[in-house]
Visitor: 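Below you will find the structure I want to go over with you.
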Amino acid sequence: HGRVWEFKATNVDKLEVKDSEQENVIEVTYIPLYVEVTLNLRDRKGELIMVNKDKAQLGVLFKPSLDENIHDEESKMYKLVKCEPAELLIKEVPIGSNEDFNVFDVTYEAVYGNISIVYQDIDGNKLKDDETLQLQVGTKYTPKVVICFLFNIIFNKFCNFSSVIKNTD
């Protein structure tokens, strides 16, 4: 297989032959013939994150240009793991074919980050041990409001309350 080109134009429609060979030149221009390539971006479980389309010249050994990190429609972050196949000879899709041609399966894994929840009063005094949660980067979360009734007039005594952070996913 070789690269496939398609006719674009000539510099003249007709050429009147002259006695000078430098004037007897017709330039014929061809451009690469591109076809669609499908990139199925999946997580490690095989679940589809998104589908991207690209163009590649018919007949070439194509290696897709992949982003090291991607974000889904919810802004969650993933990092590149692998692409199968790594490269592919780009083929013409026969008319009426139901077979998938020029398809890459790209695997990404979720990127996680830690958040810390610090419980303190307005003077910075610790009310409860800090908590750490690990969530996928881009996850939207909202801490649930903690209402603590102080039954003691003395401000250095604190009520007891439990962790009430909720994930809004």
Side-chain angles (χ1 to χ4, degrees), residues 3-4 31-94 96-169:
R3 295 169 61 175
V4 178
I31 58 173
L33 179 59
Y34 287 99
V35 295
E36 191 170 85
V37 174
T38 302
L39 304 167
N40 292 321
L41 297 114
R42 301 181 182 279
D43 65 18
R44 283 199 175 267
K45 296 175 191 169
E47 298 292 321
L48 192 64
I49 300 169
M50 69 181 75
V51 176
N52 284 347
K53 300 291 185 179
D54 201 353
K55 296 275 186 190
Q57 187 177 5
L58 190 60
V60 301
L61 195 57
F62 180 75
K63 182 177 182 177
S65 175
L66 301 169
D67 293 324
E68 195 62 33
N69 294 309
I70 62 166
H71 294 83
D72 66 11
E73 67 277 351
E74 296 174 349
S75 299
K76 292 183 181 176
M77 184 181 205
Y78 296 83
K79 71 177 179 177
L80 179 63
V81 175
K82 66 181 176 179
C83 179
E84 291 180 0
E87 55 186 19
L88 182 67
L89 180 62
I90 301 302
K91 299 177 183 174
E92 186 171 10
V93 179
S97 174
N98 291 330
E99 190 177 339
D100 289 332
F101 285 84
N102 309 320
V103 176
F104 292 87
D105 282 310
V106 186
T107 304
Y108 283 86
E109 68 183 357
V111 176
Y112 289 90
N114 292 331
I115 62 166
S116 296
I117 303 160
V118 178
Y119 298 95
Q120 64 186 22
D121 66 15
I122 60 172
D123 296 323
N125 298 311
K126 184 177 256 186
L127 298 173
K128 180 181 182 321
D129 288 340
D130 297 348
E131 290 185 48
T132 302
L133 297 176
Q134 187 178 61
L135 299 171
Q136 187 173 356
V137 173
T139 297
K140 309 281 190 263
Y141 82 94
T142 304
K144 200 173 190 179
V145 177
V146 175
I147 300 174
C148 181
F149 295 98
L150 295 177
F151 294 103
N152 196 324
I153 305 173
I154 303 169
F155 291 106
N156 63 357
K157 301 261 181 170
F158 302 107
C159 63
N160 218 350
F161 56 92
S162 61
S163 171
V164 289
I165 299 300
K166 74 169 187 169
N167 187 349
T168 60
D169 279 349

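This structure is a prediction, so every number in the text was calculated from the model and none was measured.
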Visitor: Do V137 and Y112 come close enough that some side-chain heavy atom pair is under 4.5 Å?
Guide: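 When only atoms from C-beta onward are counted, Y112 and V137 do not touch, as no gap falls below 4.5 Å.
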
Visitor: How would you list, by chain and number, every residue that makes a side-chain contact (heavy atoms from CB on, under 4.5 Å) with Y34, sequence neighbours excluded?
Guide: P32, K55, Q57

Visitor: Is there a side-chain contact between T38 and F101 in this structure, where contact means two heavy atoms from C-beta onward sitting under 4.5 Å apart?
Guide: no

Visitor: Could you tell me if the side chain of D130 sits less than 4.5 Å from the side chain of S116, heavy atoms only?
Guide: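 A side-chain contact is absent here, since even the closest heavy-atom pair is not under 4.5 Å.
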
Visitor: Going from CG on L133 to CG on N114, what distance comes out if it is rounded to the nearest 0.5 angstrom?
Guide: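 Separation between the atoms: 8.5 Å.
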
Visitor: Stepwise, does the side-chain contact (heavy atoms from CB on, under 4.5 Å) test hold for Y108 with V81?
Guide: CA-CA 5 Å; Y108 283 86; V81 175; 5.5 Å; no

Visitor: Can you tell me if D123 has over 12 outside heavy atoms packed within less than 6.0 Å of its CG?
Guide: yes

Visitor: K53 versus V51: any side-chain heavy-atom pair under 4.5 Å?
Guide: yes

Visitor: G59 and L89: which non-hydrogen atoms are nearest, and at how many Å?
Guide: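 Result for this residue pair: O-CD1, 3.4 Å.
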
Visitor: I'd like to check V106 versus L66 (side-chain heavy atoms, cut-off strictly below 4.5 Å). Are they in contact?
Guide: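 The answer is yes; the side chains approach within 4.5 Å.
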
Visitor: For a quick test of reading the model, state the closest non-hydrogen atom pair linking L39 to P64 and the distance between them.
Guide: CD2-CB, 3.8 Å

Visitor: Can you tell me if K76 and T139 form a side-chain donor-acceptor pair at under 3.5 Å?
Guide: no

Visitor: Given the rule in the side-chain contact (heavy atoms from CB on, under 4.5 Å) test, do N40 and V103 qualify, once you have shown the distances and angles that lead to the verdict?
Guide: CA-CA 7 Å; N40 292 321; V103 176; 3.4 Å; yes

Visitor: So, for F104 and C83, which heavy atoms are closest and what is the spacing to 0.1 Å?
Guide: CD2-SG, 3.7 Å

Visitor: Compare every heavy atom of I49 with every heavy atom of R42, then report the nearest pair and how far apart it is.
Guide: C-CD1, 3.6 Å

Visitor: According to side-chain contact (heavy atoms from CB on, under 4.5 Å), who are the partners of L58, at least two apart in sequence or on a separate chain?
Guide: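 For L58 the side-chain contact (heavy atoms from CB on, under 4.5 Å) partners, ignoring immediate neighbours, are V4, L33, V35, I90, E92.
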
Visitor: Taking side chain to side chain contact (heavy atoms under 4.5 Å, CB included) as the criterion, tell me which of N69, D72, I70 meets it with M77.
Guide: N69

Visitor: Could you check whether any side-chain heavy atom of D67 comes within less than 4.5 Å of a side-chain heavy atom of L80, counting everything from C-beta outward?
Guide: no

Visitor: So, are E47 and K45 salt-bridged, with charged N and O less than 4.0 Å apart?
Guide: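 No, no charged N to carboxylate O under 4.0 Å.
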
Visitor: Kindly indicate whether the side chain of K126, heavy atoms from C-beta on, has any atom under 4.5 Å from the side chain of Q120.
Guide: no

Visitor: Evaluate Y78 against V111 for side-chain contact (heavy atoms from CB on, under 4.5 Å), listing each step before the verdict.
Guide: CA-CA 5 Å; Y78 296 83; V111 176; 5.5 Å; no

Visitor: Are the side chains of N102 and F62 in contact, using a 4.5 Å heavy-atom criterion?
Guide: no

